[in-house]
Each structure stands twice: as structure tokens, then as C-alpha cells.
Amino acid sequence: MIAGKWDRRIRRANELASTYPFSAEGLRYYARVAEFQKGVYGDMQKALAHSPAISADRPLREELDLFLLLPRFAGFLSLIRQAAPVPLAEAALDLAQQGTAGWQRAIEGFWHDQPGDDAEDSIEATRIDRSLAWIFLQPYAEFLADRREMVPLDGTPSTCPLCGGRPVVGVLRAEGDGAKKSLICMLCAHEWAFRRIYCPACGEEREPQMAFYSAPEIAHVRVDVCDTCHTYLKSVDLTKAGLATPVVDELATLPLDLWAREHGYHKLQINLLGS
Ligand SMILES: [Zn+2]
Ligand SMILES: [Zn+2]
């Protein structure tokens, strides 16, 4: 079931690459990254198969198994050098030359930092290095989240209740005659229930300030905007496209990001492709 979720993402990325030619290049790159991430996830599963579930009291970012992670990093950097767009590929080359000590710094720096710092880094080089660490650690964080004891959630927080990461995409699922909304974490991919009309960036909840837009050719993905703080995040409506894979469909719908930016909104959390 767990390997299945990575295969679903890869399959969806390949499918959407033919449906949405404007995102084909990014999706093919993502499919290669997801294949690598599936390997990291699988390594963790093998290595930690017999360890007990992680207690729900323990903050997710207190774990960091460098012994398991570091041996994978050289292979990761060479994949990025081959497959990623130029700024990321160059940063990977640079980091490759720094050796293990530099890799450890990059990994620990990202993992122990304030969650969600990535989008605000004013120094481009730092932002790109953080993106590398993020892509690398995402499957590890997801593995930790999947192994955790689940406890009922208190309220509807605007950042991930497990790791503090920001939401990268919203999801709408059928409930009764309407739909219920949830958010998916950018780091550990945990999905948690959220309010339909509420801005995860500034807490706005007045209806006229909260709007959404969609385009007829991408009807199952909408842009949720807040006119108070001018932030946006996309939501994938599974009541309109049951086969959608929210994280992947988010990556595939670049024209919606362009539209939102042209209209003065900035994204709450950039995605793995940097858009
Ligand atoms: Zn999380
Ligand atoms: Zn807002």
C-alpha cells in the first residue's frame, strides 16, 4: 500500500505530462525525483521495519537518522545534476564538492530550522540549498509521519500538526451534499482537516475576503485566494476528478500559478518544482 502511493504519484505525473504539455518538462523531472524518493522511503521501511511506532508526544523533527540518510545523498545530488533545471543542478554540483560534512550541514540546517522558512529566504543560494534538502528529506519526513501513532487532532491548525510545515495544497473530498476540505503538508505529506473558509496565512474568515478561481480547462483545481493578505494556495477537488493525486496535480497546473501571480497574489508555499 505504501509503495503504491509513490507509484500512483509517478503514474499520475506521467499521465498529466501528456494532458498538460505546458507542465510536461517539470512533471517528467518530478517523476524521476519521486522514483528516488520512493527508494529513500523504502530504505527507511526496511531499516526500521521492526522498530515500534513513534510516540505522538515526540515532535517529528526530533528524529533525524543521518546514519541511514547520508549514504543516499551522493546519489541524490547526481540525480539532481542530471535531471533538474539549471539553478538546482548547479547547486547540487556545488554541494557535491563539499563532501559529507557539507551535506550533513545542509540536511541538519533545513531539518532543524523554523518550519516554512524556505519561501522567504532572501538569499537565492540559501533558498536553493534548502530546496535540495527539502526534496531529499521529504520522503523521510513522510515515513516518520506514517509511522507515528495517530491521535485525534485538536482544532484546525494552519501548519502541519506533525512537523510544523506549511500546507502545499488543499484537498476537497465529498461529504454529504458538499465537500470537506483538508490540507497536505509540504514536508511530511500528512493531511489534516481544515475549514472551508479560512486563510491559513492570516486567519481571515470573512467570506467576501476569501474567494476562489478556476479555469474551465483545469476544472478540478482551483486557486483559493485571500484578499486580506494576498496569499493563495491551490486546492484539488476530488469530487470533480477522483483519480487526481493532489500533490502531483498541484505541480501540473502551472497556468493557475501564473494567473495568481499576475493578479498580485503570492503563494503560501512554493512546490517542489519551485513554482
Ligand atoms: Zn508535516
Ligand atoms: Zn490571508
Side-chain angles (χ1 to χ4, degrees), residues 2 5-6 9 34 37 40-41 44 53-65 69 107 110-120 130-131 133-171 181-213 222-235 245-247 250 257 260-261 263-272:
I2 295 292
K5 73 176 168 180
W6 293 97
R9 289 173 192 165
Q37 291 180 319
V40 173
Y41 192 101
M44 297 299 147
I54 302 165
S55 156
D57 301 330
R58 202 171 144 81
L60 189 136
R61 294 202 200 204
E62 267 181 26
E63 318 279 332
L64 183 60
D65 200 329
L69 287 167
I107 291 171
F110 173 83
W111 191 253
H112 297 304
D113 240 357
Q114 282 306 310
D117 275 355
D118 47 279
E120 276 144 23
R130 290 180 57 82
S131 293
W134 171 28
I135 298 168
F136 179 71
L137 288 167
Q138 192 277 315
Y140 174 63
E142 184 164 344
F143 171 78
L144 294 179
D146 289 345
R147 273 194 78 82
R148 250 170 100 91
E149 297 169 346
M150 281 298 158
V151 289
L153 182 59
D154 202 9
T156 52
S158 295
T159 54
C160 175
L162 302 192
C163 77
R166 278 200 285 235
V168 72
V169 64
V171 186
K181 185 173 181 178
S182 52
L183 298 176
I184 294 182
C185 172
M186 52 82 82
L187 181 58
C188 76
H190 177 64
E191 182 176 335
W192 73 98
F194 201 65
R195 291 158 65 180
R196 286 291 299 273
I197 299 172
Y198 191 83
C199 172
C202 75
E204 180 60 80
E205 53 188 338
R206 288 171 298 166
E207 201 148 339
Q209 295 302 102
M210 304 296 297
F212 66 85
Y213 299 92
R222 62 186 222 186
V223 183
D224 293 318
V225 307
C226 169
D227 282 317
T228 300
C229 70
H230 305 287
T231 301
Y232 82 95
L233 196 67
K234 286 185 261 179
S235 287
T245 305
V247 170
E250 199 286 331
D257 293 288
R261 285 177 182 135
H263 288 79
Y265 299 106
H266 60 264
K267 205 173 193 179
L268 179 61
Q269 171 61 50
I270 57 158
N271 62 33
L272 281 183

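Order of listing sets the numbers, starting from 1, for every ligand and every atom in it. Just so you know, residue 1 is the first one in the sequence shown, and it goes up from there.
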A.B. asks: Can you check the angle at the Zn ion (ligand 1) formed by SG of Cys160 and SG of Cys185? Round it to the nearest 10°.
C.D. replies: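 So the angle at the metal works out to 110°.
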A.B. asks: With heavy-atom distances below 4.5 Å as the criterion, would you say the side chains of Asp146 and Lys5 are in contact?
C.D. replies: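 Heavy-atom side-chain distance check passes, below 4.5 Å.
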A.B. asks: Closer than 3.5 angstrom, by distance alone: can the side chain of Arg61 be matched with the main-chain N or O of His112 as a donor-acceptor pair?
C.D. replies: no
A.B. asks: Between SG of Cys226 and SG of Cys229, what angle is found at the Zn ion (ligand 2), rounded to 10 degrees?
C.D. replies: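 Value returned, to the nearest 10°, is 110°.
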A.B. asks: Evaluate salt bridge (charged side-chain N to carboxylate O under 4.0 Å, His left out) for Lys267 paired with Glu250, printing each intermediate quantity in order.
C.D. replies: CA-CA 12 Å; Lys267 205 173 193 179; Glu250 199 286 331; 2.5 Å; yes
A.B. asks: Would you mind telling me which of Phe110, Tyr41, Trp111 makes a ring-ring contact (aromatic ring centres under 6.0 Å, His included) with Tyr140?
C.D. replies: Trp111
A.B. asks: Strictly under 2.8 Å, is any N, O or S atom of Cys199 next to the Zn ion (ligand 2)?
C.D. replies: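 An N, O or S atom of Cys199 is closer than 2.8 Å to the Zn ion (ligand 2), so yes.
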A.B. asks: If I take every N, O or S atom of Cys188, is at least one of them less than 2.8 Å from the Zn ion (ligand 1)?
C.D. replies: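 Yes, since at least one N, O or S atom of Cys188 sits under 2.8 Å from the Zn ion (ligand 1).
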